[in-house]
*Asks:* 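Got a structure here, written out as structure tokens. Questions coming.
First listed ligand is number 1; within each ligand, the first listed atom is number 1.
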Amino acid sequence: MTAVLAQGLRKTYGEKAALDGIELDVRRGTVCGLLGPNGAGKTTAVRILTTLLRPSGGRAEVGGFDVTTQPRQVRRTIGLVGQHAAVDELLTGRQNLELFGRLYHLSAAEARRRAAELLEQFGLEHKGPAKEYSGGMRRRLDLAAGLILAPPVLFLDEPTTGLDPRSRAEIWRAVRELVSGGTTVLLTTQYLEEADQLADRISVIDSGRVVAEGTPDELKAKLGGDRLDVVVHDPELLATAAELIGRVASGPAEVDRDTRHVSAPVSERVQALTEVLTALAAAGIEAEDVAVRRPTLDEVFLDLTDAGGGSR
Ligand SMILES: Nc1ncnc2c1ncn2[C@@H]1O[C@H](COP(=O)(O)OP(=O)(O)OP(=O)(O)O)[C@@H](O)[C@H]1O
Ligand SMILES: [Mg+2]
């Protein structure tokens, strides 16, 4: 069963296409990660799917309802935690949640009961107004407000941008709990790691288009997985080192002469590291530093646009 569907979704502002034909198919009870840099079109997509913005072309369905022709049914199906906090600074967490409950047409008693439940679940029993909250607490309060009605489909626009690792982990835990209860989640993020941690499938978007789609493992395999970095002591030996590393790597080795770096994608990180160290030692090449690391988001996009023959 499909929970969120987008077909050829477009949004233009004058000449500029913020969304240039987005395709999405999110199965019920799963997490879809929309991964992309600033300006990729993530918020635009979320705003269209949550009926806050009309598409210029294409179509979309949420929970089986069309976002343009059945917006009221869609709104009854979803929760939204926007990119910017929607809580009232002067109210306490409890007052904010009760207010949201009333906005969602709960009775006063129901709103009080639901607020109390969420305050406990998200560790938000602070007595003072929301302006005294830390960034992590505010984000948790936003999330709680989006969950007043325990929606079947929840949209989270960059839920952890700007949070420290601990607050981020708390949000991740809350999202996983919701999903285990059957909620479908579409979340946007700029962090590869976040998509990796939470999403069943990831759509990488750039300049309003989906440039890659798949499970985290599929995408990593497509992108060549981890990268091996070696700093070679003697610049004269860079070319030889690059050739040796290239034999172990899953793609071409890149050389940066200024920093004496050789970098290459590898698929089996431990094996590749061992083989490269052995080969370098056998050739008498001294390495100042060796590291295996995940690709950065920059490298992901560079790889994707290279592979697609992109014009950027
Ligand atoms: N109301 C608008 N008028 C004109 N251009 C807009 C408008 N809203 C968005 N855009 C443009 O559309 C593109 C996509 O914006 P969007 O906010 O969807 O990006 P995003 O992926 O959410 O970025 P971020 O990670 O910075 O939140 C950007 O180039 C943006 O400048
Ligand atoms: Mg955004």
*Asks:* Need the ligand 1 atom indices (1-based, order shown) with element for anything under 4.0 Å from a heavy-atom of Ala18.
*Replies:*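 Numbered from 1, ligand 1 contributes 12 (O), 13 (C).
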*Asks:* Has the side chain of Arg139 got a donor or acceptor atom that lies under 3.5 Å from a matching backbone atom of Pro159?
*Replies:*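 Looks like yes, one N/O pair under 3.5 Å.
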*Asks:* Checking a contact table here: which protein heavy atom is nearest atom 29 (O) of ligand 1, and how many Å away?
*Replies:*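 Answer, as residue, atom name and distance: Lys16 CE, 2.9 Å.
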*Asks:* Among all protein heavy atoms, pick out the one at the shortest distance from atom 27 (O) of ligand 1; state its residue, atom name and that distance to 0.1 Å.
*Replies:*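 The closest heavy atom on the protein side is Gln83 NE2, 2.9 Å.
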*Asks:* Tell me, which protein residue and heavy-atom name are nearest atom 26 (O) of ligand 1, and how many Å apart are they?
*Replies:*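 I find the closest protein heavy atom is Asn38 ND2, 2.8 Å.
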*Asks:* Does a donor on one side chain sit under 3.5 Å from an acceptor on the other, for Glu275 and Gln271?
*Replies:*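 Glu275 vs Gln271: donor-acceptor pair found between side chains.
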*Asks:* When you check the gap from the basic side-chain N to the acidic O, do Asp20 and Arg10 get nearer than 4.0 Å?
*Replies:*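 Yes, Asp20 and Arg10 are salt-bridged.
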*Asks:* What atoms of ligand 1 come within less than 4.0 Å of a heavy atom belonging to Gln190?
*Replies:*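 Listed by number with element, the hits are 25 (O).
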*Asks:* What I want to find out is whether Arg173 reaches Glu170 closely enough, with some N-O distance under 4.0 Å, to be called a salt bridge.
*Replies:*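 Answer for the salt bridge query: no.
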*Asks:* Determine whether a donor-acceptor pair (N or O, by modelled atom type, separation under 3.5 Å) exists between the side chain of Asp229 and the backbone of Ser263.
*Replies:*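 Judged by distance alone, no pair lies under 3.5 Å.
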*Asks:* Within a distance under 4.0 Å of any heavy atom of Thr43, pick out the atoms of ligand 1 and give their elements.
*Replies:*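 Those of ligand 1 that fall under 4.0 Å from Thr43 are 17 (O), 18 (O), 20 (P), 22 (O), 27 (O).
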*Asks:* Quick check on contacts: which atoms of ligand 1 are under 4.0 angstrom from a heavy atom of Thr44?
*Replies:*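 Near Thr44, the atoms of ligand 1 are 14 (C), 15 (O), 16 (P), 18 (O).
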*Asks:* Regarding Arg138 and Glu89, does a basic nitrogen lie under 4.0 Å from an acidic carboxylate oxygen?
*Replies:*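 A salt bridge links Arg138 with Glu89.
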*Asks:* Please write down residue, atom name and distance for the protein heavy atom closest to atom 1 (N) of ligand 1.
*Replies:*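 Residue, atom and distance for the closest contact: Tyr13 CE2, 3.4 Å.
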*Asks:* Mind checking what makes side chain to side chain donor-acceptor pair (under 3.5 Å) contact with Gln70, not counting sequence neighbours?
*Replies:*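 Residues passing side chain to side chain donor-acceptor pair (under 3.5 Å) with Gln70: none at all.
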*Asks:* If you stand at the Mg ion (ligand 2) and look out to OG1 of Thr43 and OE1 of Gln83, what angle do those two lines make, to 10°?
*Replies:*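 So the angle at the metal works out to 80°.
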*Asks:* My understanding is that we take every heavy atom of each candidate and find the minimum distance to atom 14 (C) of ligand 1. Doing that for Ser207, Gly208, Ala45, Gly39, which one comes out nearest?
*Replies:*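 Shortest heavy-atom distance from atom 14 (C) of ligand 1: Gly39.
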*Asks:* Under 3.5 Å, side chain of Tyr191 to main-chain N/O of Thr160, donor-acceptor pair present?
*Replies:*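 Flag not set: sc Tyr191 to bb Thr160 has no pair under 3.5 Å.
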*Asks:* Judged by non-hydrogen atoms, does Gly14 sit under 4.0 Å from ligand 1?
*Replies:*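 It does not; every heavy atom stays at 4.0 Å or beyond.
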*Asks:* Against Ile285, only a single residue in Leu238, Val232, Ile245 fulfils side chain to side chain contact (heavy atoms under 4.5 Å, CB included); can you say which?
*Replies:*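 The side chain to side chain contact (heavy atoms under 4.5 Å, CB included) with Ile285 is passed solely by Val232 among Leu238, Val232, Ile245.
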*Asks:* Report yes or no: does Glu158 have a heavy atom closer than 4.0 Å to ligand 1?
*Replies:*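 It does, in that a heavy atom of Glu158 comes within the 4.0 Å cut-off of ligand 1.
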*Asks:* Check whether any heavy atom of Gly41 sits under 4.0 Å from an atom of ligand 1.
*Replies:*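 Flag set, Gly41 near ligand 1.
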*Asks:* Looking at ligand 1, does Arg47 have a heavy atom less than 4.0 Å from it?
*Replies:*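 No heavy atom of Arg47 comes that close to ligand 1.
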